[in-house]
Amino acid sequence: MSLIRQIWLLVLSVVLLSLLGSVVVSTGSLRQLMQTQLQLKNGDNANALALAMSQQGGDAELMALLISAQFDTGAYESVVWKRNDGSIAFERHAPPLLASKAPGWFLSLTPIPTEAGVAKVSNGWNAVGSVEVKSQSAYAHDALWSSTLRSALLLLALGSLAGLAALAVLRRIRQPLDAAVAQANAVVRGEFGTVDESKVPELQRLTGAMNSMVLRVKSMFEAQAEQLQVLRQQAHCDALTGMSHRKQFLAELESALSRDEGPSHAGLVLLRLRDLAGLNQSLGHAATDQLLVAIARAIQVYPERVHGCLAGRLNGADFALWLPAPRVAAETAEALAEALRASLPAFGSGIQVALGAIELPRERAASHWFAQADVALARAEAGSGVVVQALVAAEPERYLQGERAWRLQISEALQARRARLLEFPVIDRERRLVHLECPLQLRLDEQAEFENAARWLPLAVRNRLTAEVDLCAIALALEANAHDEQWRCVNVAPASLLDGGFVARVRELVFHAPQAARRLGLELAESAATHHFELLHELGRQLRPLGVRLGLEHAGAGLAQVDRLYQAGLDYVKLDSAVVSGVSGDAARAAFVRGMVIMLRSLTLKVYAEGVTDALDVQALWDCEIDGVTGPWATGQLIKP
């Protein structure tokens, strides 16, 4: 039983006992008063009647007539005239039981016993007997019952008011207690909010202590995030420029090329500072380092302004910039060259920079990207100064049919339900299934095969069809969940959150399949937390109470930059392959992953690794306390239940 309920029962018991005691005391006092009044009445009436009888000159008939008249005019139980020898000369009695308004149990609990009033009757100086008068007690019981009822009702009203006042006080006391409980539960969920301090001194200390604890936990989380940033710098970044080093840049590029979302074409710019050894001799190491930092700052402008842009330092003199947009590689290289032409003369003369820009379909392998970029870079090195060479591959014929045709094909495929979900397992340390990742495939033509999202999703994004695509995937997942009761997670494009009716339509789908919805997960890219936090928070607020789980995929260093990650309402996070790749042979990378796991676990989030290919990396991830892995290695490793 809760403390508040116990206090309420105690207050109620005290009030009821007080009411009962007050009624009992009041009734007892009034009963004693009634008994005394009846006794006095009997005595007074007996004396008055004896005096009147004594004036009748000893006439027995007149005295008997006087007794009858007195009996008929008063409420008497009996009037008896006795002679001197004790014999009864005359008597009158009321019926044995006079009707009373009071209930029988009240009469038995509150008897009013009284003795008869006795007075001597004389004839001059001679005594002729005595008269005994006893009044009825039924009227006294009626008055006592009425008075008890009035007292009980009055005390009940007062008790009710006291109870209401006590309830109001208890509610006032309960509010800070409930707030403290909600605050503690919020900390468990990773939300660090403070509450107003109570005006009750004892509870004020409680709320003050809770607020202090929450602020301390929040500061610990923020310190942990700052420490994680330091680990990221050590594991992923070049010490001089702060850019991603070669290994990290290649891992990020591989991850970006393997994702379904993004444009069909992208660009890559390679930059080389020529004759680095000669510059070190002519300018000195310190000035050369400043030159490299200046070039890095010019390149880093693009990742800071464009989401999804990747930049890195490949070696001492080479830099790379990957642009997730079509038809911008050559233009970006020229703009970067202009910026360098303006800033490099400040470091001295004779500084030469070569820039090679290419644009290719994202489906090409990373090795092909670098091979083509090296060709452009080699051509640029043939010139002097800051030189740009650009190679742009022709778009395949299938991308030239026009947006209207693509929109029509995708819309028709969705309407005809020419769609299916693939299934890739996420497994835990014991190789048990955690859930199934379910990317969507569409058959754009009735005669064609099903195609992966990388083929058509960029065009769906361009034509604002991602909401329809995601709703189709969610509906298929709910149907499959209802059939086999497996956990399934589907991808939701961040662009779908921008559709005002998307969340309401998802909620309607989930509402009509409540059992299947409890085994459904929705995964959004990390950019949803960094760029659309409020929309992500609203999605979780609407769907998590219905049993739907919410997660982030392709997560990396950007998570540490989300100021309110603890308020996002997430259930799990999947670390990007660029973060976990090579963790077995890199202590700094392993320390960063372990720090990420600790930070996310402190927010009660499950942490999974995606895109894992190496068994050694898997073992290293288990050592980092990861909750599960997915990727090529995980496929085929699942132990069937």
Side-chain angles (χ1 to χ4, degrees), residues 259-261 413-443 449-454 456-457 466-493 496 502-503 505-525 539-540 542-554 569-574 605-612 618 626-641:
R259 296 177 189 174
D260 293 335
E261 69 271 12
L414 294 173
Q415 291 176 2
R417 294 294 293 272
R418 296 198 302 266
R420 70 179 182 184
L421 294 176
L422 298 181
E423 295 181 350
F424 300 103
V426 177
I427 62 175
D428 61 12
R429 182 189 291 265
E430 285 74 29
R431 300 186 182 183
R432 296 173 301 191
L433 179 66
V434 177
H435 63 249
L436 295 171
E437 288 184 339
C438 299
L440 182 69
Q441 287 187 326
L442 291 182
R443 190 165 62 189
E449 299 293 331
F450 282 96
E451 300 187 54
N452 292 331
W456 46 263
L457 184 57
T466 56
E468 300 298 330
V469 170
D470 292 339
L471 288 169
C472 177
I474 293 171
L476 291 174
L478 290 173
E479 292 173 5
N481 290 352
H483 177 70
D484 59 14
E485 297 184 351
Q486 292 281 5
W487 278 99
R488 284 179 173 81
C489 297
V490 298
N491 300 328
V492 173
S496 297
F502 175 73
V503 176
R505 295 171 69 184
V506 174
R507 184 179 176 86
E508 184 178 359
L509 284 175
V510 169
F511 185 78
H512 287 90
Q515 297 300 324
R518 293 187 177 92
R519 294 184 176 273
L520 175 67
L522 302 182
E523 297 181 357
L524 295 96
L539 178 68
Q542 292 283 342
L543 298 182
R544 290 185 74 202
L546 300 178
V548 179
R549 294 194 298 180
L550 198 63
L552 287 186
E553 60 179 352
H554 311 321
L570 299 174
D571 295 285
Y572 63 90
V573 169
K574 289 183 177 177
L605 299 178
K606 294 289 186 180
V607 187
Y608 308 118
E610 60 186 24
V612 181
V618 173
I626 209 84
D627 292 298
V629 298
T630 183
W633 180 88
T635 303
Q637 299 291 327
L638 178 65
I639 296 179
K640 301 294 183 182

- Message: Checking E468 against R505 for the side-chain contact (heavy atoms from CB on, under 4.5 Å) test, could you report, in this order, the C-alpha distance in whole Å, the side-chain angles of both residues, the deciding distance, and whether it holds?
- Response: CA-CA 10 Å; E468 300 298 330; R505 295 171 69 184; 2.8 Å; yes

Which value, rounded to the nearest 0.5 Å, describes the distance between [X] atom [atom1] and [Y] atom [atom2]?
X	Y	atom1	atom2	result
F511	L546	CZ	CG	8.0 Å
I427	Y608	CD1	OH	12.5 Å
D470	N491	CG	CG	8.0 Å
R519	R488	CZ	CZ	10.5 Å
L552	L522	CG	CG	11.5 Å
L471	T466	CG	OG1	9.5 Å

Sub-3.5 Å donor-acceptor pair from the side chain of [X] to the main-chain atoms of [Y], do we have one?
X	Y	result
R507	Q542	yes
H483	E479	no
E437	V426	no

For [X] versus [Y], what's the shortest heavy-atom pair and its separation?
X	Y	answer
L520	A477	CD1-CB, 3.8 Å
D627	K606	OD2-CA, 3.4 Å
G611	P632	C-CD, 4.3 Å
V434	W487	O-CB, 3.8 Å
L478	L509	CD1-O, 3.8 Å
L440	W456	O-CZ2, 3.5 Å

- Query: Within a strict 4.5 Å, meaning less than it, do heavy atoms of the L436 and L421 side chains meet?
  - Reply: no

- Item | Electrostatic pair E485:R518 at N-O distance under 4.0 angstrom | no

- Query: Going by the angle between their ring planes, with limits at 30° and 60°, are H435 and Y572 parallel, tilted or perpendicular?
  - Reply: tilted

- Task: Answer yes or no: are there more than 12 heavy-atom neighbours, outside E508 itself, under 6.0 Å from its atom CD?
- Result: no

- Query: Who passes salt bridge (Lys or Arg N to Asp or Glu O under 4.0 Å) against R420, sequence neighbours left out?
  - Reply: none

- Given salt bridge (charged side-chain N to carboxylate O under 4.0 Å, His left out), test R418 with E451 step by step and report yes or no. CA-CA 11 Å; R418 296 198 302 266; E451 300 187 54; over 6 Å; no

